[in-house]
K.L.:
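For reference, the structure I am asking about is given below.
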Amino acid sequence: GSALWAAALLLLLCRVRSDTHYYANHSSVCLQNATREGSLRYLSYANVTRPVRIPRASWTSAQVFAEIVYILLVEVMGYATEFLVTDTISTGVVLNFVAGCSNAFDLGCPQHNINDPAAHFTIETWNGGVVHWNELPDDVKPPQIGVMDYTIIDGWFIWRDVLDAGLSSSQRLSLDYYRAYDASIHQPHLFFDHWSRLYELLPKNVIVRCMDMDADPLSYLYRNVSGYAYFSNDSGVSCAANDTIWFSPAC
């Protein structure tokens with residue numbers, strides 16, 4: 001069968017925005033020669049003693065990294081450590097926890113206590129977190145910040161029958177290679193279902209509207225229309241299908 005062509009769709013199947021967070025730790029031990037609990041060290045600063053606090057956000061890679069860092073801190077380096085468990089999916093919110101913001105969901109961070117932050121480092125920061133870092137007051141910015149990045153062609157997945165269909169066609173298209181998707185030269189759409197097929201399969205109550213993606217710069221849903229228009233010189237940012245689908249000409 002053919003694959004669903006989702007490359008041009010901005011259809012997000014979940015929306016997470018919650019202030020819920022709490023501290024937790026592991027009861028199990030991973031390594032044979034782990035540091036014993038009674039000999040763990042703590043951080044002492046600003047007249048308080050704290051375990052190292054690392055965020056465990058809701059997306060999978062953040063949770064995997066948090067588990068690895070926890071094991072290294074506790075069992076190898078010997079530091080008492082806690083997870084700051086949060087169901088946010090925004091790296092900007094995680095950054096606010098590290099910046100000591102009283103309300104991590106308040107974009108401007110008007111109230112903060114950098115001497116006793118809710119978490120001590122972010123572990124995994126994506127582009128939105130770096131953008132937010134530039135907007136934070138200088139006196140609360142974490143001193144070091146980086147960004148996660150990867151090459152998009154390494155993340156492709158195409159069904160074998162679709163790949164074979166492209167190679168055996170008169171176009172001789174290698175659909176696992178990005179140049180095959182230059183629609184001014186080739187016709188890659190012939191090997192995929194129409195976008196409306198995917199749209200029909202999705203429950204309508206989980207589709208995020210463009211108006212919701214433009215509302216909050218701190219949200220992981222943020223579409224950053226002004227940034228897109230600035231770098232692409234493309235003003236076509238309106239959405240189709242009742243404000244649920246955006247086809248980006250520049251992309």
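Keep in mind the model is a prediction, meaning the values are calculated, not measured.
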K.L.:
Honestly curious: do Phe105 and Val98 fall in one hydrophobic cluster under the side-chain, below-4.5 Å linking rule?
P.N.:
no

K.L.:
Rounded to the nearest 0.5 Å, how far apart are CD of Gln111 and SG of Cys101?
P.N.:
10.5 Å

K.L.:
So, using side chain to side chain donor-acceptor pair (under 3.5 Å) as the criterion, who are the partners of Arg41 when residues are at least two apart?
P.N.:
none

K.L.:
Mind checking whether Glu135 and Cys109 have side chains closer than 4.5 Å, heavy atoms only?
P.N.:
no

K.L.:
Please give me the minimum heavy-atom distance between Gln187 and Gln171, naming the atom from each residue.
P.N.:
N-OE1, 2.9 Å

K.L.:
So, using salt bridge (Lys or Arg N to Asp or Glu O under 4.0 Å) as the criterion, who are the partners of Glu67 when residues are at least two apart?
P.N.:
Arg56

K.L.:
Which is it for Phe83 and Tyr22 under the side-chain contact (heavy atoms from CB on, under 4.5 Å) test, yes or no, and what are the steps along the way?
P.N.:
CA-CA 8 Å; Phe83 289 122; Tyr22 57 91; over 6 Å; no

K.L.:
Is there a side-chain contact between Ile71 and Leu31, using heavy atoms and a 4.5 Å cut-off?
P.N.:
yes

K.L.:
If hydrophobic clusters are built by linking Ile, Leu, Val, Met, Phe, Trp and Tyr wherever their side-chain heavy atoms come under 4.5 Å apart, do Tyr42 and Met77 end up in the same one?
P.N.:
no

K.L.:
Do Val52 and Phe65 sit in the same hydrophobic cluster, where Ile, Leu, Val, Met, Phe, Trp and Tyr count as joined when their side-chain heavy atoms come under 4.5 Å apart?
P.N.:
yes

K.L.:
At their closest point, which heavy atom of Asp234 faces which heavy atom of Val237, and how far apart are they?
P.N.:
O-CG1, 4.4 Å

K.L.:
Looking only at non-hydrogen atoms, find the nearest pair between Ala119 and Pro55 and report the distance.
P.N.:
CB-CD, 4.2 Å

K.L.:
Strictly distance-based, threshold 3.5 Å: is any side-chain N or O of Thr91 a donor or acceptor partner for the main-chain N or O of Gly129?
P.N.:
yes

K.L.:
Do you see a donor-acceptor pair shorter than 3.5 Å between the side chains of Glu124 and Ser61?
P.N.:
yes

K.L.:
Regarding His132 and Asn96, do their side chains bring together a donor and an acceptor under 3.5 Å, going by distance alone?
P.N.:
yes

K.L.:
Hey, do the aromatic rings of Tyr228 and Trp246 have their centres closer than 6.0 Å?
P.N.:
yes

K.L.:
Any sub-3.5 Å donor-acceptor pair from Glu75's side-chain atoms to Asn33's backbone N or O?
P.N.:
no

K.L.:
Please determine whether side-chain contact (heavy atoms from CB on, under 4.5 Å) holds for the pair Tyr70 and Val74, giving the CA-CA distance in whole Å, both sets of side-chain angles, and the decisive distance to 0.1 Å.
P.N.:
CA-CA 6 Å; Tyr70 185 98; Val74 175; 3.8 Å; yes

K.L.:
With ring centroids as reference points, do His120 and Tyr45 lie under 6.0 angstrom apart?
P.N.:
yes

K.L.:
Under 3.5 Å, side chain of Tyr79 to main-chain N/O of Leu43, donor-acceptor pair present?
P.N.:
no

K.L.:
Go through the steps to decide whether Thr81 and Asn25 satisfy the test side-chain contact (heavy atoms from CB on, under 4.5 Å), and finish with yes or no.
P.N.:
CA-CA 7 Å; Thr81 305; Asn25 49 37; over 6 Å; no

K.L.:
Report yes if some heavy atom in the side chain of Leu175 is under 4.5 Å from a heavy atom in the side chain of Phe192; otherwise report no.
P.N.:
yes

K.L.:
Check whether Val208 and Met211 end up in the same hydrophobic cluster, where Ile, Leu, Val, Met, Phe, Trp and Tyr are linked by side-chain heavy atoms less than 4.5 Å apart.
P.N.:
no

K.L.:
Hey, is OH on Tyr23 packed in by over 12 heavy atoms from elsewhere, all under 6.0 Å?
P.N.:
yes

K.L.:
Tell me if a side-chain donor or acceptor on Ser174 pairs with a main-chain N or O of Asp176 at a distance below 3.5 Å.
P.N.:
no

K.L.:
Run the side chain to side chain donor-acceptor pair (under 3.5 Å) test against Asp182 and tell me which residues pass, sequence neighbours left out.
P.N.:
Ser184

K.L.:
Compare all side-chain heavy atoms of Cys239 with those of Ile245 and state whether any distance is below 4.5 angstrom.
P.N.:
no

K.L.:
Tell me whether Trp133 is reachable from Val131 by hopping between hydrophobic residues (I, L, V, M, F, W, Y) whose side-chain heavy atoms are closer than 4.5 Å.
P.N.:
no

K.L.:
Rounded to the nearest 0.5 Å, what's the gap from CD on Glu200 to CG on Asp193? Could you check?
P.N.:
10.0 Å

K.L.:
Rounded to the nearest 0.5 Å, what separates atom CD1 in Ile207 from atom CG in Leu202?
P.N.:
5.0 Å

K.L.:
Taking Asp139's backbone N and O only, do any of them form a donor-acceptor pair with Lys141's side chain (distance below 3.5 Å, no angle check)?
P.N.:
no

K.L.:
What pair of heavy atoms forms the shortest contact from Val94 to Ala57, and how long is it?
P.N.:
CG2-CB, 4.2 Å

K.L.:
Hey, could you give me the CG/OG distance between Leu95 and Ser90, rounded to the nearest 0.5 Å?
P.N.:
9.0 Å

K.L.:
Can you measure from NE2 (His21) to CZ (Phe97) and round to the nearest 0.5 angstrom?
P.N.:
4.5 Å

K.L.:
Applying side-chain contact (heavy atoms from CB on, under 4.5 Å) to Ser169 and Phe191, what does each step give before you reach the verdict?
P.N.:
CA-CA 10 Å; Ser169 70; Phe191 305 97; 3.4 Å; yes

K.L.:
Is the closest side-chain heavy-atom distance between Leu84 and Ile54 below 4.5 Å?
P.N.:
no

K.L.:
Do the side chains of Arg50 and Asp116 get nearer than 4.5 Å, heavy atoms only?
P.N.:
yes

K.L.:
Hey, is the main chain of Ala183 close enough, under 3.5 Å, to the side chain of His186 for a donor-acceptor pair?
P.N.:
no

K.L.:
How close do Asn115 and Pro117 get, heavy atom to heavy atom, and via which atoms?
P.N.:
C-CD, 3.7 Å

K.L.:
Answer yes or no: is there an ion pair linking Asp212 with Arg209, defined by an N-O contact shorter than 4.0 Å?
P.N.:
no

K.L.:
For the residue pair Ala99 and His112, what are the closest heavy atoms and their distance?
P.N.:
O-CB, 4.2 Å

K.L.:
Centroid-to-centroid, Tyr199 to His194, below 6.0 Å?
P.N.:
no

